[in-house]
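Written below as structure tokens is the structure these notes are about.
Remember, it's 1-based here, ligands and their atoms both numbered in the order they're listed.
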Amino acid sequence: MTLAMTTRSPDAATRTAPAPPRGTDPFGLGVASGDPLPDGVVLWTRLAPHPLEPWGGLDDRRYRVEWEVAEDDRFREVVRRGGAWATPEYSHSVHVDVRGLRPGREYFYRFRSGGQISRAGRTRTAPDPRRRLGSMTYAFASCQAWQDGYFTAYRHMAAEDLDLVVHLGDYLYEGGIMPSGGVRNTPVHDGLRFRCDTLDRYRLQYGLYKSDPDLQAAHAHAPWLVTWDDHEVLNNYAGQVADESVSSVADFLVWRANAYRAFWEHQPLRRAQRAVGPDMPLYRRVAYGDLVEFDVLDGRQYRSDQACGDGARTDCAARLDPARSMLGERQEKWLTDGLAGSRARWKVLANQVVMAQNDFDPDPGAQNFSMDFWDGYKASRDRLFRSIAERGVQDVVVITGDAHRAQAGDLTLDFDDPGSPTIGSEFLGTSISSGGDGSAGGLPPGRHDPVNPHVRFRDNRRGYVTCTLTPHEYRASYRLLPQVSRPGAPVATAARFVIESGRPGLHAEEAR
Ligand SMILES: [Fe+2]
């Protein structure tokens with residue numbers, strides 16, 4: 001669309017800057033906002049008139065992008081505006097750290113470059129930290145393999161009334177895309193066939209994923225709080241350790257640096273989170289008034305290597321080794337101290353892999369664990385749980401991705417002792433598309449899994465979870481879809497749970 005965004009004349013830098021080619025939409029990857037503060041948000045876009053071409057179809061010049069933030073979706077009440085440079089070093093992405101906004105308010109934003117205007121995005125600042133907040137609603141999601149199915153769940157998410165979206169990782173998968181486009185049966189060009197390793201190859205993968213209209217709709221609908229899991233880099237990597245397909249730690253650190261940089265380029269994150277070489281400071285804390293604090297975890301960058309050979313689901317002594325950590329020493333301390341010192345009612349841990357004990361062996365005399373889950377880092381989990389119990393931290397909720405199934409349950413101090421106290425609850429939010437259609441059923445809401453009695457619900461369909469928090473209750477609704485192999489599937493609530501503040505443990509409610 002080409003029209004006047006504002007009557008204001010462009011600044012000198014904009015007048016002399018090169019423009020993206022006319023006749024193409026330079027905003028083909030959409031717009032996004034993220035990491036809300038009481039006085040601001042980050043606005044994101046990337047100029048890419050041809051997302052699947054090198055450099056998104058642009059040359060190696062820098063381009064001027066103007067942005068504006070308004071109180072209304074017709075942009076009559078513009079409250080902030082400015083300009084930014086989209087540079088080739090960061091694949092012509094822009095990350096605008098807008099400040100000076102009012103707390104707990106809805107805003108609209110858009111970008112302009114070369115006379116072309118982006119779609120408008122809606123965002124919302126975090127509430128005043130001193131305010132007693134009556135309620136907030138957010139949705140969380142993870143795991144969106146493009147070739148496994150449509151992102152229909154995001155279309156439904158974008159129709160909900162949300163303050164925030166939390167993404168728990170596997171935003172993309174590093175593997176090559178078959179030319180047929182997989183389940184989507186949408187042919188893609190040959191350059192996507194091999195798995196991601198170089199910076200430009202990761203950028204192409206983001207170009208493909210972020211071209212998805214349903215994903216764009218969800219980004220334009222609410223601010224996002226993102227973290228990552230393994231597939232933003234490489235399957236099941238742990239800290240500086242990759243699988244045997246990468247020949248050395250030095251090689252893997254180059255690989256990781258490419259992946260981290262591409263992640264930052266394509267997410268609504270502040271400069272403070274930008275990757276420097278193979279390091280990216282991603283774990284952080286975001287508060288919503290006195291109601292909830294989100295501890296956004298990074299369970300990949302600092303973790304010890306998987307015990308007992310990754311993937312081997314047999315028990316071994318290394319699983320219990322207290323020297324091993326899921327979060328690394330610094331993040332572990334940051335988390336336990338933050339939880340103990342928090343004045344927020346609800347403490348939500350935005351977490352990657354399953355935290356509750358998850359015995360895969362139906363034989364009551366045997367146990368069988370995934371070494372990639374928290375089960376593979378038992379001493380690290382015990383330290384966290386003991387700290388929560390000993391320091392009297394209440395109302396802890398863990399939200400989790402990675403497993404491609406919906407699951408809800410309680411977290412107990414000792415999962416092998418039926419009388420052990422509950423210290424929190426965990427909601428696993430299935431996947432957006434990874435794993436394909438899946439199937440209904442598994443464990444009806446409220447029942448106890450016979451092997452893992454703290455688990456109270458399981459379902460193998462795709463979707464997301466919507467949570468509404470008040471000072472008294474935490475409510476979670478599993479929004480699941482019958483299939484993702486064709487576009488346009490409906491969504492329905494498959495299970496609902498409530499946790500009462502001060503009374504640990506979740507309860508199933510009748511789904512509507
Ligand atoms: Fe995944």
Side-chain angles (χ1 to χ4, degrees), residues 139-154 157 165-178 182-184 195-196 202 205-206 208-210 212 214-215 218 224-238 242-243 256 259-260 262-263 266-267 282 296-301 303 306 310-311 313 326 349-356 358 360 370-376 398-408 426-439 442 458-465 478-481 484-485:
F140 71 89
S142 66
C143 300
Q144 48 201 49
W146 186 91
Q147 68 277 16
D148 279 9
Y150 290 90
F151 296 169
T152 317
Y154 279 132
M157 191 190 280
V165 173
V166 180
H167 198 284
L168 302 172
D170 293 356
Y171 186 93
L172 58 60
Y173 286 71
E174 79 283 12
I177 309 282
M178 59 206 84
V183 169
R184 294 195 185 211
R195 76 170 169 179
C196 298
Y202 278 106
Q205 200 85 331
Y206 279 102
L208 175 71
Y209 275 65
K210 291 188 81 86
D212 183 277
D214 296 336
L215 177 61
W224 283 39
L225 197 52
V226 301
T227 182
W228 55 32
D229 194 18
D230 53 339
H231 288 287
E232 283 84 354
V233 182
L234 198 60
N235 181 45
N236 281 13
Y237 84 96
D243 60 27
R256 200 176 92 167
Y260 283 8
F263 181 81
H266 291 86
Q267 296 291 6
L282 190 61
V296 183
L297 303 184
D298 174 356
R300 286 291 164 190
Q301 191 172 184
R303 72 153 80 185
Q306 285 90 350
D310 182 23
R313 287 178 167 172
M326 174 65 87
L349 275 55
N351 166 59
Q352 283 76 37
V353 297
V354 178
M355 192 178 276
N358 200 106
F360 286 97
S370 164
M371 294 303 144
D372 193 57
F373 290 1
W374 281 82
D375 275 334
V398 178
I399 57 173
T400 299
D402 177 62
H404 309 175
R405 66 171 186 270
Q407 180 172 305
E426 180 180 37
F427 296 110
L428 259 75
T430 187
S431 65
I432 290 292
S433 65
S434 304
D437 286 344
S439 56
R458 204 176 284 124
D459 194 293
N460 288 314
R461 283 173 288 179
R462 313 282 73 93
Y464 61 95
V465 180
Y478 278 87
R479 307 278 289 154
L480 304 183
L481 286 70
V484 293
S485 53

Do the non-hydrogen side-chain atoms of Asp148 and Val484 ever get within less than 4.5 Å of each other?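 The answer is no, as the side chains (C-beta and beyond) never meet within the 4.5 Å cut-off.
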Arg405: which residues meet the salt bridge (Lys or Arg N to Asp or Glu O under 4.0 Å) condition with it, sequence neighbours left out?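 So Arg405 forms no salt bridge (Lys or Arg N to Asp or Glu O under 4.0 Å) with any residue.
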Identify, with sequence neighbours excluded, every residue that meets salt bridge (Lys or Arg N to Asp or Glu O under 4.0 Å) alongside Asp459.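 If we apply the salt bridge (Lys or Arg N to Asp or Glu O under 4.0 Å) test to Asp459, skipping adjacent residues, the hits are Arg461.
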Which N, O or S atom of His404 lies nearest to the Fe ion (ligand 1), by name: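 The His404 atom nearest to the Fe ion (ligand 1), restricting to N, O or S, is NE2.
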Identify, by name, the N, O or S atom of Asp170 lying closest to the Fe ion (ligand 1).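 Checking each N, O and S atom of Asp170, the shortest distance to the Fe ion (ligand 1) belongs to OD2.
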Can you tell me how the ring of Trp224 sits relative to the ring of Tyr171, calling it parallel under 30°, perpendicular over 60° and tilted otherwise?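 Ring orientation of Trp224 relative to Tyr171: perpendicular.
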Backbone or side chain, does [X] get an N/O/S atom under 2.8 Å to the Fe ion (ligand 1)?
| X | result |
| --- | --- |
| Asp229 | no |
| His231 | no |
| Ser434 | no |

May I ask you to check if Arg462 and Phe151 form a cation-pi contact, with NZ or CZ under 6.0 angstrom from the six-membered ring centre and within 45° of the axis?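 Not flagged: Arg462 not positioned over aromatic ring of Phe151.
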